[in-house]
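Written out below as structure tokens is the structure these notes cover.
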Amino acid sequence: MSIITNFLRSLLVSIIFSFVAPMLIIGGFLLSVSLLAYIPGFQTVTDAIANPILEFLAIFGSGTPLYGLFVICSTFSVVGALFEIYAYYRCQILR
């Protein structure tokens, strides 16, 4: 029974980290770019960087960049869960 609880706990942590990591990376990048816009002379540079990223996210979010970010994070979460299941399976076979 302990093996199943350890596996489920590991799977849950893997799912959470796989969901949060792209959100922090993309969100942190967009936050730093938007803060860079407050420096005089960098407004056009930040618009040239942020707008394509927001348009890319809007494609996956049916027109809303925030929903697009959630779709990408959910996809990463599923991939992280699949990788965790594969790693657990390989670990059990190689014992």
Side-chain angles (χ1 to χ4, degrees):
M1 188 66 180
S2 175
I3 294 174
I4 294 174
T5 57
N6 287 340
F7 169 68
L8 291 177
R9 186 180 317 131
S10 173
L11 183 64
L12 182 65
V13 168
S14 176
I15 289 171
I16 290 171
F17 281 153
S18 296
F19 185 85
V20 172
M23 188 175 291
L24 288 176
I25 291 170
I26 295 172
F29 181 73
L30 287 174
L31 178 69
S32 65
V33 167
S34 67
L35 289 177
L36 190 65
Y38 287 109
I39 299 173
F42 282 106
Q43 181 68 33
T44 57
V45 174
T46 57
D47 286 342
I49 294 173
N51 285 340
I53 294 173
L54 292 175
E55 289 174 4
F56 177 77
L57 291 175
I59 290 171
F60 290 105
S62 299
T64 307
L66 185 62
Y67 291 155
L69 182 63
F70 284 140
V71 167
I72 290 173
C73 290
S74 299
T75 305
F76 272 63
S77 178
V78 169
V79 170
L82 289 173
F83 180 72
E84 180 66 30
I85 291 169
Y86 172 73
Y88 179 77
Y89 172 75
R90 290 292 294 173
C91 181
Q92 293 300 318
I93 286 180
L94 295 176
R95 277 191 190 182

Minimum-distance pair of heavy atoms, taken over all atoms of I49 and P52: O-CD, 3.5 Å
Applying ring pair (Phe, Tyr, Trp, His ring centres under 6.0 Å), which residue pairs with at least one partner in residues 35-69 are found, sequence neighbours left out? F56-F60
Linking Ile, Leu, Val, Met, Phe, Trp and Tyr by side-chain heavy atoms under 4.5 Å, what else ends up with V78? L82
Through direct or indirect side-chain contacts below 4.5 angstrom among Ile, Leu, Val, Met, Phe, Trp and Tyr, which residues connect to I93? Y89
Contacts of type ring pair (Phe, Tyr, Trp, His ring centres under 6.0 Å), residue [X], not counting sequence neighbours:
X   : answer
F83 : none
F17 : none
F70 : none

The complete set of side-chain hydrogen bond (donor to acceptor under 3.5 Å, both in side chains) pairs with one or both residues in residues 9-26, sequence neighbours excluded, reads N6-R9, S10-E84
Applying side-chain hydrogen bond (donor to acceptor under 3.5 Å, both in side chains) as the test, list every pair that has at least one member in residues 39-56; sequence neighbours left out. Q43-D47
Would you say L54 ends up clustered with V45 if hydrophobic residues are merged whenever their side chains have heavy atoms under 4.5 Å apart, either directly or through other cluster members? yes
Linking I/L/V/M/F/W/Y whenever any side-chain heavy atoms sit under 4.5 Å apart, do I85 and Y88 land together? yes
Just so I know, are the side chains of L8 and L12 near enough to count as touching, which here means a heavy-atom distance under 4.5 Å? no
Starting at CG of L69, measure out to OG of S74 and round the result to the nearest 0.5 Å. 9.0 Å
With a 3.5 Å cut-off and sequence neighbours excluded, list the donor-acceptor pairs that the side chains of residues 22-32 form with protein atoms.
from: S32; atom 1: OG; to: G28; atom 2: O; distance (Å): 3.3
from: S32; atom 1: OG; to: F29; atom 2: O; distance (Å): 2.8

Contacts of type side-chain contact (heavy atoms from CB on, under 4.5 Å), residue A81, not counting sequence neighbours: L11, I15
